[in-house]
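Below is one structure, written out as structure tokens; the observations come after it.
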2 protein chains.
Amino acid sequence: MSDLAAALDIVGARWALLVVERLLDGPQRYGDLQRDLGVPTNMLATRLRELEAAGVLTRLPLRHNTRAYALTDRGLALREAIVALGRWGAEQA
Amino acid sequence: MSDLAAALDIVGARWALLVVERLLDGPQRYGDLQRDLGVPTNMLATRLRELEAAGVLTRLPLRHNTRAYALTDRGLALREAIVALGRWGAEQA
DNA sequence: CGTCGCACTTGCATTTTGCAAGTGTGACCG
DNA sequence: CGGTCACACTTGCAAAATGCAAGTGCGACG
């Protein structure tokens, strides 16, 4: 499997990169991600579980039943790729 | 829709970026892509149609019922993003 | 005129995604 | 102490995307 295929295996699923992009601005709560991205709640829950398992993000417990999701170093390392893809997308206007 | 979302709308589908990556090495024929990537033939046909419609690649007629697929400028512009994602994928070893 | 390679298409099973509604839990209000 | 609320999910089911296997069309070549 190529390097690109390995990357897509982790962040190639629908919404995954968009979640990571949102977290580049700092930790976010579940409801914030949901409202900002418009992602279906079950998909968001699934993606967050997968990305946590892949070591891309972690859960930070806040108060009682509230937590925030924050990128790990591995997640932050996606910034370059996300910026590059975003620039490409912007050029298609 | 964000720039990233716009990009993923075009190259976010499964196999799409892998096809583009393969074409960064130069034009390829259908059978070559299929064998090199291990992509199901109907998916490959669908992706090639979509990527052509999006202006990412073009068909170059060779002889009779053979053609090659080549990236357009728009397709070549994905190189930076693909390299960045590939590097990230390599770091996860 | 029959066979071959190439580029697909088609039919159907499996998997992923999406929508809508429901669940659990602790804080806060009266 | 009971009721309501916000938040973070889970669940059930329909729709869409993906994958597998087999089939089609069509020039070239013998």
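- Between B:Arg49 and B:Glu52 there is no salt bridge, since none of the side-chain N atoms of the basic residue sits less than 4.0 Å from a carboxylate O of the acidic one.
- Following rounding to the nearest Å, A:Leu8 (CG) and D:dT18 (P) show an atom-to-atom distance of 13 Å.
- Spacing between atom CZ of A:Arg29 and atom C1' of D:dA6 amounts to 10 Å, rounded to whole angstrom units.
- In this structure, CG of A:Leu57 is placed 15 Å from C1' of D:dA8, rounded to the nearest angstrom.
- For the pair A:Tyr30 OH and D:dC7 C1', the computed distance is 10 Å after rounding to whole Å.
- Per the geometry, OH belonging to B:Tyr69 stands 8 Å off P belonging to C:dA7, to the nearest Å.
- We find that CD of B:Gln34 is positioned 10 Å from C1' of C:dC6, with the value rounded to whole Å.
- Between B:Leu85 and A:Val11, the closest side-chain pair of non-hydrogen atoms falls below 4.5 Å.
- Using a 4.0 Å cut-off between a side-chain N of Lys or Arg and a carboxylate O of Asp or Glu, A:Arg87 and B:Glu80 qualify as a salt bridge.
- Proximity of residues 43-56 of chain A to DNA chain D (heavy atom under 4.0 angstrom from any strand atom) is restricted to A:Ala45, A:Arg49.
- Among the protein residues, B:Arg35 comes within range of no part of the nucleic acid, since none of its heavy atoms lies under 4.0 Å from any strand.
- Contact annotation: side chain of B:Asn65 to base of D:dG27, donor-acceptor pair absent below 3.5 Å.
- A donor-acceptor pair shorter than 3.5 Å can be found between the side chains of B:Tyr30 and B:Thr41.
- Using a 4.0 Å heavy-atom distance criterion, A:Arg67 is classed as a sugar-phosphate-only contact.
- If you take CG of A:Leu60 and P of D:dA8, they are 12 Å apart, rounded to a whole angstrom.
- If you find the closest nucleotide of DNA chain C to B:Thr41 and to A:His64, the one lying nearer the 5' end belongs to B:Thr41.
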Go through the steps to decide whether A:Leu71 and A:Thr58 satisfy the test side-chain contact (heavy atoms from CB on, under 4.5 Å), and finish with yes or no. CA-CA 6 Å; A:Leu71 294 179; A:Thr58 46; over 6 Å; no
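- Using a 4.0 Å cut-off on heavy atoms, none of the residues of residues 9-20 of chain A approach DNA chain D.
- The residue among B:Thr66 and A:Val39 whose nearest nucleotide of DNA chain C lies closer to the 5′ end is B:Thr66.
- Remark: B:Arg79 does not engage B:Glu21 in a salt bridge, criterion side-chain N to carboxylate O under 4.0 Å.
- Taking the side chain as every heavy atom from C-beta outward, A:Leu33 and A:Leu23 approach each other to under 4.5 Å.
- Regarding A:Leu33, its CG atom lies at a distance of 12 Å from the C1' atom of D:dA8, rounded to whole Å.
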Evaluate the side-chain contact (heavy atoms from CB on, under 4.5 Å) criterion for residues A:Arg29 and A:Leu62: first the C-alpha distance (whole Å), next the side-chain angles of each, then the deciding distance (0.1 Å), finally the verdict. CA-CA 9 Å; A:Arg29 286 174 308 158; A:Leu62 301 183; 4.0 Å; yes
Carefully, step by step, assess B:Arg14 and B:Met43 under the rule side-chain contact (heavy atoms from CB on, under 4.5 Å). CA-CA 9 Å; B:Arg14 198 168 277 168; B:Met43 282 295 96; over 6 Å; no
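- With C:dC8, C:dC6, C:dG24 as the candidates, the nucleotide lying closest to the side chain of B:Arg59 is C:dC8.
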